[in-house]
Amino acid sequence: MNKKKKPFLGMPAPLGYVPGLGRGATGFTTRSDIGPARDANDPVDDRHAPPGKRTVGDQMKKSQAADDDDEDLNDTNYDEFNGYAGSLFSSGPYEKDDEEADAIYAALDKRMDERRKERREQREKEEIEKYRMERPKIQQQFSDLKRKLAEVTEEEWLSIPEVGDARNKRQRNPRYEKLTPVPDSFFAKHLQTGENHTSVDPRQTQFGGLNTPYPGGLNTPYPGGMTPGLMTPGTGELDMRKIGQARNTLMDMRLSQVSDSVSGQTVVDPKGYLTDLNSMIPTHGGDINDIKKARLLLKSVRETNPHHPPAWIASARLEEVTGKLQVARNLIMKGTEMCPKSEDVWLEAARLQPGDTAKAVVAQAVRHLPQSVRIYIRAAELETDIRAKKRVLRKALEHVPNSVRLWKAAVELEEPEDARIMLSRAVECCPTSVELWLALARLETYENARKVLNKARENIPTDRHIWITAAKLEEANGNTQMVEKIIDRAITSLRANGVEINREQWIQDAEECDKAGSVATCQAVMRAVIGIGIEEEDRKHTWMEDADSCVAHSALECARAIYAYALQVFPSKKSVWLRAAYFEKNHGTRESLEALLQRAVAHCPKAEVLWLMGAKSKWLAGDVPAARSILALAFQANPNSEEIWLAAVKLESENNEYERARRLLAKARSSAPTARVFMKSVKLEWVLGNIAAAQELCEEALKHYEDFPKLWMMKGQVEEQEELVDKAREAYSQGLKKCPHSTPLWLLLSRLEEKVGQLTRARAILEKSRLKNPKNPGLWLFWSERKITKAREWFHRTVKIDSDLGDAWAFFYKFELQHGTEEQREEVKRRCENAEPRHGELWCATSKDIANWQRKIGEILVLVAARIKNTF
């Protein structure tokens, strides 16, 4: 035993030893260390303690309250906006002044609260009502159903099933049953055991029942009688072979009924059988599980609320989408029984049913809903014969005489005379329908139409279309003086009846009148409404935008009316006259343009461009004397105008009146000398072959205008034409000293050097020109091949952006020569002639050639296009 005794037992513990510390135990404190526990109701040690402090619990509450009242002035409890979380003065004495102040603040709060109380309560009430309307409670949603519970009898209440799955265990947990077909020999074998019994076995009467003759049978505990066995009459046997033959015969008969059509030919295509099967596959494209869930959900909705029409419609459409058309028809017909007053259900049923059945469905729907317009319209659509349609619609009008839709459908099927009679009745039944009144007015004679429109205005005083139709009627019958009065009366009457005049709507009506050919009406409408709702400072800008919009909508008469009105308001505005003149030039006639220009120069005599447009119009028409007279009047209004002088010179030179052109240029040089006048003088003498006179004029011009580069170009070209290369080089060099930034001068000099074989010098000139003009793309592109591979849209945008660039028109025309049609080429040429381009490297090289000085714009276009390399 001593050997088993532990050596440390009975020995003192080491210093700092704590029992159980190694296995995770901790020390604990016992009651002996802190004293006995005391109940809250125990008295305190102080026998003379005041009331409220005589028990341990009272002192604990007091100390806890004192701890709560201590102010927490820690920085973590301080907020820059709200200060300390507690009251800084909670520890101070609460005196009478504090009490009075609190009473005053409380009275003020109460007074302010009473002032706002009524509004606050009203607002809270409205917010609560709105909230309850948006988010009704469950009990509110079913309140109507709860009220109907009073009609439920006790038997109906008891017949309601309990909540839960009413299916049995086998339905909840379906298992696939394995069925094995039984051969005929089995029935034949057991059939032989069947016999007729004429006596009762004593064993069967022992227990007072009947003992079945089959092995494993049950003894019936109740008295019974004799049961005859299975047998075939006469033989006592069942002939299975005959049953099989009968079955085959029946199947053959059914297949024959299916396979034969009315004509006796088979409709079963053996080759296309699989294709027909593919066509029967539903194309809904959804998951079969989703379809099952949707079908189950809709079934639940139908059972929960069988009188909800959308549930039946959705169920039928689901089956239709999945390819079960007959199921859909059955469902929707069930829906018509449950919701006989639903218009949508009946229409859906008529849509799903075939022709004759759909008619029967619609007939049944009419009996339930005799006031439904949509059902009558559907019934008329199902009819194929016009007479049947008329009969249906007339029957519908007997039940619903105030339906505009039915009247319109019925009138569309009638002849004009019958339609007029029917419309007379229609406006009596529907006096507020503008369409019916206007349709009747169109079918009546002039006098009757006026009476009809007057009645329409009396019944519908707030519709503008009646007034506009009346104006169109007067215009169509030649009473154009009445059109303006009718439109003015329309504006006044509509305003008197509180109708706001919508400017945009009236402009649209005017555009429709323009397209319908009612010019006077559209112009009268424009004049009446064009100034409504427009600020005075915005009138010009707005009207010009309206005119452009009308032109874009092909309403040219509306645009012309806008320009006419704008010119009345702004008779001295040159920009408005120009816009109107360009409009007449592009969309009007020569007579209208000349009439407008005559008025324009009368109001703006200082506008040179208007005089020039008038003179050019007369010149293009072949009336040269009239053009001269216009320019003469322009001279009187603008005596020293360079443009008018040059226009007069061009008019005379184009008509081979060279002497008159010389005299005009001489007068211009003396009275209004400019660089262009001298340039035109030099060019006239040059093209006429008077080289000496041209050189003399050029020298004189350079004395006055040495910084005009075109004079230096002409001097060099004249010298180059005379094959004086050195003088030409000197002219170009002097010109570049005076005009170092003239790109054409640099190019002419480089080409001159290239022409005489000095390629190195030509390249050096171009390099020097690029240093002088680093931002000029013409110099950098000089050596390029100008490969243009853009499409026709690019060319359209190019000539639209810069219509004065002749090279763009030439490239466009070249492109159409390669890839366009004859019409497209002529269109480009026509647009180029209207644009009259004057700039461009290739264009100027051709147009300013002395040999081409009398050629037209179209001819120059062809020549420039021919010079372009075939880069397309």
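Judged as a side chain to side chain donor-acceptor pair (under 3.5 Å), and not counting sequence neighbours, Glu535 has no contacts. Partners of Lys390 according to the side chain to side chain donor-acceptor pair (under 3.5 Å) rule, which considers only residues two or more places apart in sequence or in another chain, do not exist here. Checked against side chain to side chain contact (heavy atoms under 4.5 Å, CB included), Leu352 has the following partners two or more places apart in sequence or in another chain: Ala316, Glu320, Leu325, Ala328, Arg329, Ile332, Glu348. Residues meeting the side chain to side chain donor-acceptor pair (under 3.5 Å) test with Arg539, sequence neighbours left out: none. Shown here are the ring pair (Phe, Tyr, Trp, His ring centres under 6.0 Å) partners of His839, two or more places apart in sequence or in another chain: there are none. Here His553 pairs with nothing under the ring pair (Phe, Tyr, Trp, His ring centres under 6.0 Å) rule; sequence neighbours left out. Arg599 pairs by the side chain to side chain donor-acceptor pair (under 3.5 Å) definition with nothing, not counting sequence neighbours. Every residue meeting the side chain to side chain contact (heavy atoms under 4.5 Å, CB included) condition with Ala388, not counting sequence neighbours, appears here in chain and number order: Glu383, Asp385, Arg391. In this structure Ile375 satisfies the side chain to side chain contact (heavy atoms under 4.5 Å, CB included) test together with Glu343, Trp346, Leu347, Val362, Ala365, Val366, Leu369, Ser372, sequence neighbours excluded. With sequence neighbours left out, Gln598 forms a side chain to side chain contact (heavy atoms under 4.5 Å, CB included) with no residue at all.
Screening residues 481-501 for salt bridge (charged side-chain N to carboxylate O under 4.0 Å, His left out), with sequence neighbours left out, gives Glu484-Arg527. Under the ring pair (Phe, Tyr, Trp, His ring centres under 6.0 Å) criterion, the residue pairs touching residues 580-614 are Tyr563-Phe583, Trp577-His603, Phe583-His587, with sequence neighbours excluded.
Here the options are Lys408, Arg394, Arg420, the test is salt bridge (Lys or Arg N to Asp or Glu O under 4.0 Å), and the partner is Glu414; only Arg394 passes. Of the candidates Glu823, Glu822, Arg830, Gln824, Glu822 is the only one forming a side chain to side chain contact (heavy atoms under 4.5 Å, CB included) with Glu826. Between Arg579 and the choices Met544, Glu584, Lys573, Lys574, the side chain to side chain contact (heavy atoms under 4.5 Å, CB included) rule is met once, by Met544.
A 4.5 Å side-chain heavy-atom check between Arg503 and Thr542 finds at least one atom pair inside the cut-off. Looking at heavy atoms from C-beta onward, Asp344 lies in side-chain contact with Arg374 at the 4.5 angstrom threshold. Met613 places a side-chain heavy atom less than 4.5 Å from the side chain of Leu578. Taking 4.5 Å as the limit, some side-chain heavy atom of Trp506 sits within range of a side-chain heavy atom of Ile491. Here the side chains of Asp514 and Met526 are not in contact, with every heavy-atom distance at 4.5 Å or above. Using a 4.5 Å cut-off on side-chain heavy atoms (C-beta onward), Glu412 and Lys389 make no contact. Looking only at side-chain heavy atoms (C-beta outward), Phe812 and Cys832 stay at 4.5 Å or farther from each other. The closest side-chain heavy-atom distance from Ser424 to Val452 is not below 4.5 Å.
The SG atom of Cys522 lies 11.0 Å from the CD1 atom of Ile468; values are rounded to the nearest 0.5 Å. The CD atom of Glu428 sits 10.5 Å away from the CG atom of Asn459 when rounded to the nearest 0.5 Å. To the nearest 0.5 Å, atom CD1 of residue Ile530 and atom SG of residue Cys558 are 9.5 Å apart. Ile466 contributes atom CD1, which lies 10.0 Å from atom OG of Ser493 (distance to the nearest 0.5 angstrom). Atom CD1 of Ile507 and atom CG of Asp546 lie 4.5 Å apart (nearest 0.5 Å). Expressed to the nearest 0.5 Å, how far CG of Asn402 lies from CG of Leu397 amounts to 10.0 Å.
The closest donor-acceptor contact from the side chain of Trp843 to the backbone of Ala810 lies at 3.5 Å or more, if one exists at all. Side chain of Tyr376 to backbone of Pro370: a donor-acceptor contact under 3.5 angstrom is found. Proximity of a side-chain donor or acceptor of Trp407 to a complementary backbone N or O of Pro401 within less than 3.5 Å is detected. Looking only at distances, no side-chain donor or acceptor of Asn497 sits under 3.5 Å from a matching main-chain atom of Val499. Side chain of Asp538 to main chain of Ile534: no donor-acceptor pair is present (N/O by atom type, distance under 3.5 Å, no hydrogens or angles).
Look at Glu474 and Arg450 and you find a salt bridge, because one of the NZ, NE, NH1 or NH2 atoms lies within 4.0 Å of a carboxylate O, short of that distance. Ion pairing between Glu381 and Arg378 holds under the 4.0 Å rule for side-chain N and carboxylate O. Between Lys618 and Glu594 there is a salt bridge, with a side-chain nitrogen of the basic residue lying less than 4.0 Å from a carboxylate oxygen of the acidic one. Comment: Arg676 engages Glu643 in a salt bridge, judged by a side-chain N to carboxylate O separation of less than 4.0 angstrom.
For Glu536, the CD atom counts as loosely surrounded, since its 6.0 Å shell holds 12 or fewer non-hydrogen atoms of other residues, nucleotides or ligands. The 12-atom threshold is exceeded at NZ of Lys359, counting heavy atoms of other residues, nucleotides or ligands nearer than 6.0 Å. No more than 12 heavy atoms of other residues, nucleotides or ligands lie within 6.0 Å of CD in Glu435, so this atom counts as exposed by the packing criterion. Within a 6.0 Å sphere centred on CD of Glu537, heavy atoms belonging to other residues, nucleotides or ligands number more than 12.
Under a cutoff of 6.0 Å and an axis angle of 45°, Arg831 and Trp809 do not form a cation-pi pair.
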### Task
Go through Glu475 and Val519 one step at a time and tell me if the side chain to side chain contact (heavy atoms under 4.5 Å, CB included) criterion holds.
CA-CA 9 Å; Glu475 181 182 358; Val519 177; 4.2 Å; yes

### Query
So Val601 and Leu633, side chain to side chain contact (heavy atoms under 4.5 Å, CB included) or not? Walk me through it.
CA-CA 10 Å; Val601 295; Leu633 295 174; over 6 Å; no

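Using modelled atom types, one finds no donor on one side chain facing an acceptor on the other under 3.5 Å when comparing His368 with Gln364.
Considering all non-hydrogen atoms of both residues, Thr462 and Leu494 come closest at C-CD2, 3.7 Å. Of all non-hydrogen atoms in Ala449 and Glu444, the two that sit nearest each other are N-CB, 3.8 Å.
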